[in-house]
Amino acid sequence: MTSHAYNFGFLDEYAKKEVRRAILKAIAIPGYQVPYASREMPMGRGFGTGGLQLTLALIGPDEIVKVIDQGSDDSVNAVNLRQFIEMTCPGVSTTTCTAECTLLQTRHRIPELPLTAEQIIVLQVPYPDPLVVVESSENKRKTMHGEADYSRLLVKLYEDIVKYDEITISHRYPTRINGHYVIDPSPIPRWDVAKLNNSAALLLFGAGREKKIYAVPPHTRAEPLVFSDVPFRVEDFRDEAGQRRVCARCGCANSFLDEFVGDAGNKTYQCSDSDWCDEQLQRAEQVQGVAA
Amino acid sequence: MNDLMQPLPGLDVWHPATQQAVFRRLLDCYSHPGRVEACGDTDRAPLTALLATLLDAETSLADPHHLIKAGDWPKLEVRSGTAEHAAFVVANGTLAADFTPRLGTLESPEQSATLLLLVNSLVNPLGNEQARSGGQCLNLKLSGPGIPGTLKLAVSGLHPGWLSARADWVAVFPLGVDLILCDSRGFTALPRTTHIELEVC
């Protein structure tokens, strides 16, 4: 079978229309999880099928697509999804450069480079409902969401403070959108939560297995759930001496860092966003070139 | 109003590629409420292009003012419903609102209607520019999600009754309706979250 045997974008037009209608409702009701009939994709659920269906419903022949997995363009999930998009969407070009892309599908990171109004970011979501940790019945959760009743979630956060002196959620930090719905912003680190607030780009979230689509429109309030006396805190990259760790590769001191453990047990740190790291490295080399 | 339904030279609105392009413009309108987008070079009026883009047999459409050509119904494949129950309602914006569309429920606010209103003209005025003549002109000052600060939208040919009815319909978030306004060249969206202030012309 050649790639021409597929419809443009793999999905049939009825599937695309349904996803498109769900996207519009998701934008009109910011943070609400719109149910949709998630299609069977030629990859396992949990491998980004929700994000992929959003991408394929949005994509046009002039699109410039970037796919990342934990900030990297070259990890398995990103490479597979990119190849699938290239195969099923003839004419579409792909890039690793954040500034160039018009559509960005991501697993668990938002790029360091601020996105623009001309870009759309699609996030892959494993667990869309932040209330699932306190309420197992979806019917009850839907009522709680409708009433914006997040008291039990706040109790959970309070219990963390009582037990550990700190809210221990490292990623998927519950975030309130436009003062009503609280979303699970997908497993992005706390570092990225601030990027949801008043974003220039439209953010779309797709949970394929859980059959939900939700959105954070541009220029919309997104506030992490906190208490007035316990401010929200992002990852702390200072070492024992209180110095901010820098990327071992490019030297960047203001990016989200991944920790690598060497054979000897030594730890090194490197930018999680590979395109950002390359850009910083290139800039540093240019500066060195000018100096030489 | 019937001339809006006549074919124009341009892209076939029944073709998936045209529908993708129209959808992306509509998506921009939803992301940036009140922003007027041109429909592009389609062979049919923006209203028909939007209906072709959004509808299929999974959803329902009401046409209380008979704006859709009989020959288009089979192509839209959509189920016909009443204005009170349909997921999409097409109406003539110059006439007063005389029905209550479905508003969704607290648990499932997505089960609310999307209204497509045909008006005479839509423009984002620069400075003191007014909407083109043709019926009563309304100057709207918009704010809310998707709008940094405020945005002005001048609409002519929209009965003010729609705005007061909409204010009632969207009063209790998350319930409400989402409006799409169309003229002969393009469209704009007013989701339920958009706050509308009516300015005197």
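The structure presented is a predicted model; accordingly, all values stated were derived computationally and were not measured. To find a chain, count down the sequence lines: A is the first, B the second, and so on, and within it residues start at 1.
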Heavy atom to heavy atom, less than 4.5 Å: which residues from residues 98-107 of chain B reach chain A? B:L106, B:E107
Relative to chain B, which segment of A:Y181 carries a heavy atom at a distance below 4.5 Å: side chain, backbone, both, or neither? side chain
Just wondering, do B:P109 and A:K25 contact through their side chains at under 4.5 Å, heavy atoms? no
Straight-line distance of B:T53 OG1 to A:R20 CZ, nearest 0.5 Å: 7.5 Å
Minimum heavy-atom separation for B:A52 to A:K17, with atom names? O-NZ, 2.9 Å
Max heavy-atom pair count under 4.5 Å with chain B, selected residue of A:N178, A:N139, A:D62: A:N178
At a 4.5 Å cut-off on heavy atoms, which part of B:F23 comes close to chain A: side chain, backbone, both, or neither? side chain
Which bit of A:H145 comes within less than 4.5 Å of chain B, counting heavy atoms only: side chain, backbone, both or neither? neither
Contacting region of B:T194 [heavy-atom separation from chain A under 4.5 Å]: neither
Under 4.5 Å heavy-atom distance to chain B, tell me which part of A:I177 shows up: side chain, backbone, both or neither. neither
B:L190, part contacting chain A, at a heavy-atom distance under 4.5 Å: neither
Using heavy-atom distances under 4.5 Å, tell me whether A:R21 contacts chain B through its side chain, its backbone, both, or neither. side chain
What verdict does the side-chain contact (heavy atoms from CB on, under 4.5 Å) test give for A:H180 and B:T193, after you've listed the backbone C-alpha separation in whole Å, the side-chain angles of each residue and the deciding distance to 0.1 Å? CA-CA 11 Å; A:H180 189 101; B:T193 50; over 6 Å; no
With chain A as the partner, which of B:A21, B:S108, B:P191, B:A17 has the greatest number of non-hydrogen pairs under 4.5 Å? B:S108
So if I take each residue of residues 169-182 of chain B and look for any heavy atom under 4.5 Å from a heavy atom in chain A, which residues do I end up with? B:F173, B:P174, B:D178
Check B:P145 against A:T220 and note the closest heavy-atom contact, atom names and distance. CB-OG1, 3.3 Å
Between B:R192 (side chain) and A:I29 (backbone), is there a donor-acceptor pair under 3.5 Å? no
Can you name the residues of residues 192-212 of chain A that have some heavy atom under 4.5 Å away from a heavy atom in chain B? A:L202
If you apply the rule side-chain contact (heavy atoms from CB on, under 4.5 Å), what do you find for B:L26 with A:L24, and how did you get there? CA-CA 9 Å; B:L26 182 62; A:L24 296 182; 3.6 Å; yes
Residue A:L58 versus chain B: region with a heavy atom under 4.5 Å: both
In residues 31-41 of chain B, which residues are in contact with chain A at a heavy-atom separation under 4.5 Å? B:S31, B:H32
Examine whether an atom of A:E63 lies under 4.5 Å from a heavy atom of chain B, and if so say whether it belongs to the side chain, the backbone or both; otherwise answer neither. side chain
Spacing of CD belonging to A:E18 relative to CG belonging to B:D56, to within rounding of 0.5 Å: 8.0 Å
With no hydrogens and no angle check, just 3.5 Å: does a side-chain donor-acceptor pair link A:Y32 and B:E110? yes
Structural part of B:E77 lying under 4.5 Å from a heavy atom of chain A: side chain
